[in-house]
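All of these numbers come straight from a predicted model, not from anything done at the bench. Quick note on labels: first sequence line is chain A, next is B, and so on, each numbered from 1.
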Number of protein chains: 2
Amino acid sequence: MGLAKTALYTKEQNELALIAKAFGHPARVAILQYLFKIERCVCGDLVNEIGLAQPTISQHLKELKHLGLIKGNIEGTRVCYCIDPENWKNMKSIMKDFLDQDIPNPDCC
Amino acid sequence: MGLAKTALYTKEQNELALIAKAFGHPARVAILQYLFKIERCVCGDLVNEIGLAQPTISQHLKELKHLGLIKGNIEGTRVCYCIDPENWKNMKSIMKDFLDQDIPNPDCC
DNA sequence: TTGTTTTATTGCAATATTACGATAAATGCT
DNA sequence: AGCATTTATCGTAATATTGCAATAAAACAA
């Protein structure tokens with residue numbers, strides 16, 4: 001069906017899945033890594049940096065922005081994107097809680 | 001097009017995206033959390049635990065197994081699934097490297 | 001052997017995602 | 001005003017994902 005039955009899961013499970021989905025495409029990983037790498041805010045050079053068309057990049061940026069991981073400031077005709085530090089921190093703590101769970105029986109299988 | 005242009009990205013970016021994709025569905029998050037929660041290996045009660053049909057659960061398990069995050073041992077007619085500790089550790093380190101990057105200019109936007 | 005239980009596979013329908021051309025919107029420049 | 005630059009949105013085509021009924025496969029039980 002292609003439709004996730006969100007009602008079956010806890011709020012936390014749905015939230016984690018939404019976050020992970022954002023990282024589930026290499027273009028969005030590349031965008032975030034570029035925003036981490038450069039010294040200043042990036043404006044439109046993501047299109048040159050990654051080999052995708054401008055509307056495609058814009059769409060990926062929209063998703064990341066919608067999730068709150070990045071924010072964009074309009075500067076003339078350009079838009080300056082960067083990581084949202086506060087939201088990144090929150091996301092990180094959710095992800096880490098999930099990743100750091102103790103494995104119950106390492107020798108069970 | 002619905003097709004990720006993997007050639008555009010680094011090996012690391014593609015790998016991270018593949019891992020994240022596994023967590024990008026609440027059913028798989030729920031499966032993993034259940035495997036973490038229970039004391040012993042789970043056999044077939046995931047279908048009861050999560051409210052999805054048996055073929056659907058089986059498909060999600062297949063994806064997690066393919067990625068190496070879980071392993072399954074055949075025990076009679078049943079299959080015992082559990083987290084793969086070694087692969088989980090490796091995956092965790094990849095994810096954490098990504099999450100722990102330093103944010104360059106917190107006040108840039 | 002026959003039936004039961006459990007899991008995997010197949011086939012298909014419904015929905016989601018990805019990518020991009022065309023175009024719009026907003027700003028700056030001359 | 002007219003034109004260039006940059007980004008967002010719309011529309012659409014191609015592919016991927018999700019979910020399940022039906023069925024197969026494998027092991028056990030009587």
Does a nitrogen or oxygen in the side chain of B:His25 sit under 4.0 Å from OP1 or OP2 of D:dG19?
yes
Would you indicate what B:Ile57 reaches in the nucleic acid, counting non-hydrogen atoms under 4.0 angstrom: base, sugar-phosphate, or nothing?
nothing
Looking at B:Lys92 and B:Asp97, does any basic side-chain N land under 4.0 Å from a carboxylate oxygen?
no
Among C:dG28, C:dA19, D:dA27, find the nucleotide with the atom closest to the side chain of B:Thr77.
D:dA27
Using the side-chain heavy atoms of A:Tyr9, tell me which of these nucleotides is nearest: C:dC20, D:dG19, C:dA19.
D:dG19
Select base, sugar-phosphate, or nothing to describe what B:Lys65 touches, counting heavy atoms under 4.0 Å on all strands.
nothing
Here the pair of heavy atoms bringing B:Ala27 nearest to B:Ile50 is O-CD1, 4.0 Å
Working note: B:Arg78 + B:Asp45, criterion salt bridge (charged side-chain N to carboxylate O under 4.0 Å, His left out); need CA distance, chi angles, decisive distance, verdict.
CA-CA 10 Å; B:Arg78 299 169 165 244; B:Asp45 28 34; over 6 Å; no
Reckon B:Tyr81 has a side-chain N or O less than 4.0 Å from the OP1 or OP2 of C:dT6?
no
Quick check: on DNA chain D, is the nucleotide nearest B:Pro55 upstream (toward 5') of the one nearest A:Lys62, or the reverse? Name the residue that is more 5'.
A:Lys62
Which part of the nucleic acid does A:Leu52 contact within heavy-atom distance under 4.0 Å: base, sugar-phosphate only, or nothing?
sugar-phosphate
Is there a side-chain contact between A:His60 and the phosphate of C:dT17, meaning an N or O under 4.0 Å from OP1 or OP2?
no
Does the base of D:dA8 carry an N or O that pairs as donor and acceptor with the side chain of A:Gln54 under 3.5 Å?
yes
Nucleotide nearest B:Val79 (side chain, heavy atoms from C-beta), chosen from C:dT7, D:dT9, D:dG19
C:dT7
For D:dT17, does either OP1 or OP2 sit under 4.0 Å from a side-chain N or O belonging to A:Lys21?
no
Would you please confirm or rule out a distance under 4.0 Å between OP1 or OP2 of D:dA8 and any side-chain N or O of A:Ser58?
yes
If you take all heavy atoms of A:Ile103 and B:Pro85, which pair is closest and at what distance?
CD1-CA, 3.6 Å
When the aromatic ring centroids of B:Phe23 and A:Phe23 are compared, is their separation below 6.0 Å?
no
Does a nitrogen or oxygen in the side chain of A:Thr56 sit under 4.0 Å from OP1 or OP2 of C:dC20?
yes
